[in-house]
Amino acid sequence: MATDTLKSTSSADSATGGLRRLLLDNGALTALIVLVIAMSALSGDFLTTDNLLNVGVQAAVTAILAFGVTFVIVSAGIDLSVGSVAALSATVLAWSASSHGVPVLIAVLLAVVTGIAAGLVNGFLIAYGKLPPFIATLAMLSVARGLSLVISEGSPIAFPDSVSHLGDTLGGWLPVPVLVMVVMGLLAAFVLGRTYIGRSMYAIGGNEEAARLSGLRVKKQKLAIYALSGVFAAVAGVVLAARLSSAQPQAADGYELDAIAAVVIGGASLAGGTGKASGTLIGALILAVLRNGLNLLNVSAFWQQVVIGVVIALAVLLDTLRRKAGATPVAGASQGGKGRQAVTYGLAAVVTVAIVGATSFLHNGSSSTANPKVGLSLSTLNNPFFVQIRSGAQAEAKKLGVDLTVTDAQNDASQQANQLQNFTSSNLGAIIVNPVDSDAASNSVKAADKAKIPVIAVDRGVNKASVDALVASDNVAGGELAAKSIGEKLGGKGKIVILQGQAGTSAARERAEGFAQGLKAYPGIRVVAQQPADFDRTKGLDVMSNLLQAHPDVQGVIAANDEMALGAIKALGSKAGTSVSVVGFDGTPDGLNAVKDGTLYASVAQQPSQLGKIAVDNALKALEGKKVEETIKVPVKVVTKENVAGFTG
């Protein structure tokens, strides 16, 4: 009996130790399983086929970028340029095929060659120029983004239809981006585990000097490693542009950080020598599940950034603990190790399905809220104008008993596409969208239309897709009013500068068009400089300070929003409102206060709170099957010191 008890205890200890080792050896996989189970328990909308496919699509671009970054990090390098290289490659493809009639196949090859060229430049600067990888790739980040803006002239370029199919689905349900992600993942795994250059990556990352002394041509290998990273970045850029039906010059901004995070979460070490493609895929899926789940749970966009940062830190901390506990290094595995790894992943899948299936019963039979559900996707909440749209929408939703979910796309067309996908898969009653870009939002709106979900566009329209209503002010007409205001103030003569909005956004293009049209009536007004300040007050201050050095005698400023105008006023100092007249756009509270003070001559006010209110009203009407007008224009108004007291916004 004693022997049986001892054996039983020993077996239990062995099982516990085996489970502990399994969890430690697969920290990222454990984190992914926990996240999936938690999101399934917290949201009944998470565990649906459509939403799980959404997660795959939303992970695709980050994962493809991260596979390329894995090569670099395994070799103890870093690549900060992949997001910009992705945008540049997609821009080259669209520019050559759509704007210059180059055959699509050749255009695709040009895009890939662009990625390779950028990677080779990185590799040359690092291997032969002896630049630190951080500095070399940081320089390429700026160069590639700048070239993308130069080629596109700051505007999105329509993508060829034959390539846009990469953003579609096969058989009406299987997303092509997911297939591309899987193919690129298998290619990355093959390169790392089965090729000479893959073994070279681990050797260089483990000890570069030892690798060199053993006969490895380290410099040439680094050229190849960074070129591979460029190829994967190019593919990611093409997939992203295909999803958005256009090449956006500002696309994939900041994606290099997500790619690096995915690699590190997946178990790779920034010190080099360890890492694998499967771990990188898991890291990308963790980020996608987090963003998707937090959207479904209606977590504030600002808190989402906090949560994601904390999870990244915890995932890396878990990996550190795993290494200290003596878990198996994440490097090239033996054949037996790969077999155990496959069994581990299979077991994890079975356990996850079982637990998630059990948690799904928590949502069965639960009655949905009696309130109609509406989703609002704003282009950004880092701007008072859009904050006012949100406030107006939330106040009206509360009044009407509407359950309103608000998301922040952070001026990223791809992120907005993900949010709109989440809204669609959540079967919301209606969707309100304030597009980052009118072309890029089209595919997501088409998907909502296909799902019979009413869509209301606010402030900006959606091109190449049907919306139930557009609630907007006329940006072009507003731009003309701004030009007329400055022209009349200066008596039809003088020198002015124009502060433009963020390149590539429809609002920036439309307002600039209005400025140009309005100034035609004043031939005595000379525009001495036009520079983008990205709708940002700090950049408005910096750009205006620089322009004053070259044009100290400027007499007027037109800014594409109040934030840039307020920055310009700060740069002008005592000149603002005296020798220099400044006209802004939007009618934000800070802008109106500046009008009262006399430092801002005028603001073209769009009444953003009214835009949000009217958008919710029409979303509810469309949801209830009532007829709505195709276009609801909210009038713009030039607010000056004479009428600011009576303006309510």
Side-chain angles (χ1 to χ4, degrees), residues 26-39 42-43 46 54-55 58-63 65-66 69-70 72-73 78-84 86 134 137-138 141 236 250-271 275 279-323 330 377-383 387 405-419 422 436 536 538:
N26 299 276
L29 182 59
T30 303
L32 179 60
I33 293 171
V34 170
L35 270 176
V36 169
I37 292 170
M39 294 302 178
L42 293 171
S43 172
F46 181 82
N54 283 347
V55 171
Q58 292 164 21
V61 172
T62 299
L65 284 174
V69 174
T70 303
V72 176
I73 289 180
I78 199 76
D79 192 346
L80 299 177
S81 67
V82 289
S84 296
F134 184 93
T137 58
L138 182 63
L141 178 152
Q250 293 285 10
D253 187 21
Y255 281 34
E256 55 278 348
L257 300 181
D258 276 358
I260 293 169
V263 176
V264 175
I265 289 172
S269 169
L270 288 173
T280 295
L281 175 61
I282 291 170
L285 288 173
I286 286 174
L287 294 176
V289 167
L290 264 176
R291 291 196 170 100
N292 176 271
L294 293 173
N295 279 167
L296 296 180
L297 295 172
N298 196 16
V299 175
S300 161
F302 304 135
W303 278 108
Q304 285 187 32
Q305 296 185 56
V306 175
V307 172
I308 290 171
V310 169
V311 169
I312 290 173
L314 289 176
V316 177
L317 179 61
L318 177 62
D319 184 63
T320 301
L321 294 175
R322 176 183 66 79
R323 294 176 190 279
V330 187
S377 175
L378 289 167
S379 57
T380 181
L381 282 173
N382 191 28
N383 183 310
V387 173
T405 300
V406 182
T407 60
D408 173 13
Q410 300 176 357
N411 277 323
D412 182 345
S414 176
Q415 188 166 330
Q416 185 166 64
N418 295 342
Q419 292 167 356
N422 294 342
V436 172
D536 182 78
T538 302

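Side-chain atoms are counted along with the backbone in the values below, which use heavy atoms only and exclude waters and symmetry mates.
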Does any non-hydrogen side-chain atom of I260 lie less than 4.5 Å from one of L80? yes
Kindly determine whether T407 and L378 satisfy side-chain contact (heavy atoms from CB on, under 4.5 Å), including the steps that lead there. CA-CA 6 Å; T407 60; L378 289 167; over 6 Å; no
Nearest 0.5 Å, what's the CG-CG distance between L290 and L285? 11.0 Å
Tell me, with the steps shown, if R291 and D258 meet side-chain contact (heavy atoms from CB on, under 4.5 Å). CA-CA 12 Å; R291 291 196 170 100; D258 276 358; 3.2 Å; yes
Between CD1 of I286 and CG of L32, what distance do you get to the nearest 0.5 Å? 5.5 Å
Can you give me the closest heavy-atom contact between S81 and D79, atom names plus distance? OG-OD1, 2.6 Å
Are L296 and N422 packed together at the side-chain level, in the sense that at least one heavy-atom pair is separated by less than 4.5 angstrom? yes
Minimum side-chain heavy-atom gap L141-E256 below 4.5 Å: yes
With a 4.5 Å cut-off on side-chain heavy atoms, are V36 and F46 touching? yes
Reported CD1-to-CD1 distance for the pair I78 and I73, which is rounded to 0.5 angstrom: 4.5 Å
Beyond-backbone contact of T30 with I33, side-chain heavy atoms, under 4.5 angstrom: no
side-chain contact (heavy atoms from CB on, under 4.5 Å) for V310 and V307? Distances and angles first, verdict last. CA-CA 5 Å; V310 169; V307 172; 5.8 Å; no
Determine the minimum heavy-atom distance between A268 and G275, stating which atoms define it. CB-CA, 3.8 Å
V69 side chain reached by V82 side chain, heavy atoms, under 4.5 Å: yes
All heavy atoms of A284 vs all of A59, minimum pair found to be O-CB, 4.0 Å
If you measure from CG on N411 to CG on N382, what distance do you get to the nearest 0.5 Å? 8.0 Å
State, with a plain yes or no, whether a side-chain heavy atom of L297 is found less than 4.5 Å away from one of M39. yes
Provide the closest heavy-atom pair for A63 versus L281 in the form atom of the first, atom of the second, distance. CB-CD1, 4.4 Å
Under 3.5 Å, is there a donor-acceptor pair linking the side chains of S414 and D412? no
Rounded to the nearest 0.5 angstrom, the OG1-CD distance for T380 and Q410 is 7.0 Å
How long is the gap from CG on N292 to CG on L35, to the nearest 0.5 Å? 11.0 Å
For a quick check under 3.5 Å, do S377 and Q416 share a side-chain donor-acceptor pair by atom type? yes
Does Q419 reach the main-chain N or O of D408 with its side chain, forming a donor-acceptor pair under 3.5 Å? yes
